[in-house]
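One structure below.
Side-chain atoms are counted along with the backbone in the values below, which use heavy atoms only and exclude waters and symmetry mates.
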Amino acid sequence: MHRPGAPALPDLLLRASRAGAGALALAGLSVPTLAQDETVDAASTEQRQEPRAIDFEADVVDYDSGQDVVSARGNVVLRSEDQSVRADVVRWDRSTGVIEAIGNVRFVDQDGNQLYSSSVELTDKFEAGAMEDLLLALREGGRLAAESGARGEDGTIVLDRAAYTACSVTNPDGCPKDPSWRITAERVVYDPDERRVRFRGAYLELFGARLLPLPGLSVRTDGGAISGFLVPDIRLSESNGLEMTGEYYFRLGDNKDAKLGTSVYTEAPPMVFGQYRQLTEKGAFQITGYGTYSRRISDFTGIATSEQDFRGYVDANGTFQFDENWSLNASLRLASDRTFLRRYDISRDDRLRSIVELERIESDSYFQLAGYATQTLRLNQDQGQVPMAFPVLDYRKRLDEPVLGGKVEMQLNTLAIVRDVGQDTQRAFAKVQWDLRKITPMGQVVRFTALARGDVYHSSQNALTQTAIYRGNPGWQARGIGLAAVDVQWPFVGPAFGGTQVFTPRVQVVATPPIRNLAVPNEDARAIDLEDSNLFALNRFPGYDRVEDGVRITYGFDWELTRPGLRVKTTLGQSYRLDKDTDILVDGTGLSERVSDFVGRTEVRFRDFVSLTHRYRLDKDNLAIRRNEFDATIGSRRTYFEVGYLRLDRDIAQGIEDLQDREEVRAAARLAFADYWSIFGAGVVNLTDRNEDPTFISDGFEPIRTRLGIAYEDDCLELGFTWRRDYVDQGDARRGDTFQFYFSLKSLGFR
């Protein structure tokens, strides 16, 4: 609603963007400051406070001595300290001290806010009063348009019949567009000190349609949060039926806040949840919790029993920096049962890890004291077999002075692993490593490495570990490790295909005396698989408990081509052992024979539009693909297609738990249209069949999860509708369809 002949509110909102904050072309006559004119009546000066010095420029200046009125026309610009006014015409009544600016008025106050109006009244103290057809562009962001308004001496602005939006009113090309949302109100009060806008009689309008009333609404213009209700979530799922979630946000201070909410379901009891966050002088932490009261779920079968019990989840974490060296990281994740998170769509993790890490980092040393605990969420897995590690102590020190020209680093490490029902292990070792890197006159990069390590282990209840080669001998065990290595790289650089290529052959020799590997338990070095990332590693096992022994030669090359907008990089290599080790390098790892399989990786990057990565392992005898991993992304940030494929074919009759064959494909796509709209989809399909894994009953094509949706997103609004289908039952988290509508006013502080 607006006066006849006055600009409509959308037009006023658009004017702020067109006017902008650019430099003004000031032309015309420069006159003395009005406040210094000696003809000012002395009596009137006593009745008013001393006016501020005001400088102005204009094309034409007139003075009516009879009425004591100064008039300026044409590109009028007034300045006083950190405020300014631009207008077509300015009239100053010196007897009353009222300054009236008329026509295309732009007033900038001391806070940097910009007022656009058809007319503004100011005092000789340069304070705005009554305004017509007003638009206020706030420095922190956001725009207020109104039919009329007034600015008080304290800077507070009161607007009548107003509209507020934080959305841009122009698109990226500078063309005008209607704001996707705005709030209309009978009265709006802007307090610059609190940076807050308060509304009376407010309604939310979305794409021009009035949706819902917002009683008692107030927003912060600087993006800060204030207490209030968040936009509800609406979801329909197979497990819980129709779901509606509401939250209330508490702003407890500049450094802390909280949320409290509840979810109501048609097919499940209601659930409550809350979150608390705080920033302290030393760091930050947050605590999130969910809770409901329903039928308890068996941890092994996932079947609901007849017993009513508490079900919930807590997630807490924090990081603290005590000084420049000492820090503490901690997190706690704990669920009441194994299907709670999936049923209520909180997380799809199959394990929850809790950690605490105390660290000291210096330029030449590192210290860590840590503890780790894991809760399994897999059905039919015994929690008692899941290890807890505490304490874990690691200390590393690099000597300042070189030894024989090389760097020396020392390490001390201890670990204690306990299980409720399973093997317990304690380990300690001390290590010294010497590295020397040289570049020869011919350009070869040569690295010499020498390593010595001593280990002490103690373990008990070893027979409870199912895989025999992981157990080790019970009681106290000790072993010594020695290693020597030479690594040579020889890069060749030259032009090729309109760009620059770098071809780098590489050879590495590693020698290690026999090691008592099977005498000690294997807790952290189980999942070994030859790949490009560990081809030239001194120890290709991922942890400390297993170390390759014997003598091996590893050879391969890197090749890279760089052109404007294009980069291609490939790696290929193989390893040869002087002896065959079948004790710890079992079939399926690619390392069990004297000659290893071939491993490689190829990467292609074309501008920011195409990204391709292919990783593979080829059988040394027939070049059959034993590992085939492909990831590709084509497109921009808004329109793209992603695909990922993985196949592990290790050619072993029956693998151990860490060497199972798998095959799956993942795909995701998003198509943007109409500037701000997009449709998207994603899916995961398990392609593993009985030939690859006899335990599978799948026919080789088993969808895991698919998702489709449509979304709208601009600078201040995000909304969408999503359909998801899960194909796997897990306890009371049943397979089926889930529909969700989400809505977020990003610039208004709503979720």
**Request:** Flag the pair D350 and R338 as a salt bridge only when some basic side-chain nitrogen lies within less than 4.0 angstrom of an acidic carboxylate oxygen.
**Result:** no

**Request:** Provide the closest heavy-atom pair for S347 versus R333 in the form atom of the first, atom of the second, distance.
**Result:** OG-NH2, 3.8 Å

**Item:** Counterpart residues, ring-ring contact (aromatic ring centres under 6.0 Å, His included), relative to F273 (two or more places apart)
**Value:** Y290

**Asked** Salt bridge check: are R427 and D545 linked by an N-O gap of less than 4.0 Å?
**Response** yes

**Message:** When you compare the side chain of V219 with that of R196, does any pair of heavy atoms fall below 4.5 Å?
**Reply:** no

**Complete:** Output for pair (I234 CD1, Y742 OH), nearest 0.5 Å, gives 14.0 Å

**Prompt:** Charged N to carboxylate O under 4.0 angstrom, R647 versus D661?
**Reply:** no

**Prompt:** Who passes ring-ring contact (aromatic ring centres under 6.0 Å, His included) against Y457, sequence neighbours left out?
**Reply:** none

**Asked** How are the rings of Y544 and F429 set to each other: parallel, tilted or perpendicular (split at 30° and 60°)?
**Response** tilted

**Message:** So that I can tick it off, tell me whether R724 and D345 are bridged by a salt bridge, with the cut-off set at under 4.0 angstrom between side-chain N and carboxylate O.
**Reply:** yes

**Prompt:** Parallel, tilted or perpendicular for F739 and F721, by the 30°/60° rule?
**Reply:** parallel

**Item:** NZ/NE/NH1/NH2 to OD/OE distance under 4.0 Å, D726 and R735
**Value:** no

**NZ/NE/NH1/NH2 to OD/OE distance under 4.0 Å, E664 and R666** = yes

**Prompt:** With a 4.5 Å heavy-atom cut-off, do D309 and R295 have their side chains touching?
**Reply:** no

**Asked** What residues, two or more places apart in sequence or in another chain, satisfy salt bridge (Lys or Arg N to Asp or Glu O under 4.0 Å) together with R546?
**Response** none

**Request:** Looking only at non-hydrogen atoms, find the nearest pair between D529 and G588 and report the distance.
**Result:** OD1-O, 4.1 Å

**Asked** Between R343 and D732, is there a side-chain N and carboxylate O pair less than 4.0 Å apart?
**Response** yes

**Message:** Whether R725 and E238 form a salt bridge (side-chain N of Lys/Arg under 4.0 Å from carboxylate O of Asp/Glu) is what I want to check.
**Reply:** no

**Prompt:** Between V586 and T589, which heavy-atom pair has the shortest distance, and what is it?
**Reply:** O-OG1, 2.9 Å

**Prompt:** Partners of Y640 by ring-ring contact (aromatic ring centres under 6.0 Å, His included), sequence neighbours excluded?
**Reply:** none

**Request:** Enter the distance from E523:CD to L415:CG here, rounded to the nearest 0.5 Å.
**Result:** 7.5 Å

**Asked** Charged N to carboxylate O under 4.0 angstrom, D729 versus R734?
**Response** no

**Prompt:** Which residue, N413, I481, V547, V520, forms the side-chain contact (heavy atoms from CB on, under 4.5 Å) with D455?
**Reply:** I481

**Request:** Flag the pair R453 / R479 as yes when at least one side-chain heavy-atom distance between them is below 4.5 Å, and no otherwise.
**Result:** yes

**Request:** Flag the pair R627 and E531 as a salt bridge only when some basic side-chain nitrogen lies within less than 4.0 angstrom of an acidic carboxylate oxygen.
**Result:** yes

**Request:** Just jot down the ring-ring contact (aromatic ring centres under 6.0 Å, His included) partners of Y372, sequence neighbours excluded, or say none.
**Result:** none

**Request:** Answer yes or no: is there an ion pair linking R396 with D394, defined by an N-O contact shorter than 4.0 Å?
**Result:** yes

**Message:** So that I can tick it off, tell me whether E409 and K397 are bridged by a salt bridge, with the cut-off set at under 4.0 angstrom between side-chain N and carboxylate O.
**Reply:** no

**Message:** I'd like to check the salt bridge (Lys or Arg N to Asp or Glu O under 4.0 Å) partners of R342; sequence neighbours left out, ordered by chain and number.
**Reply:** none

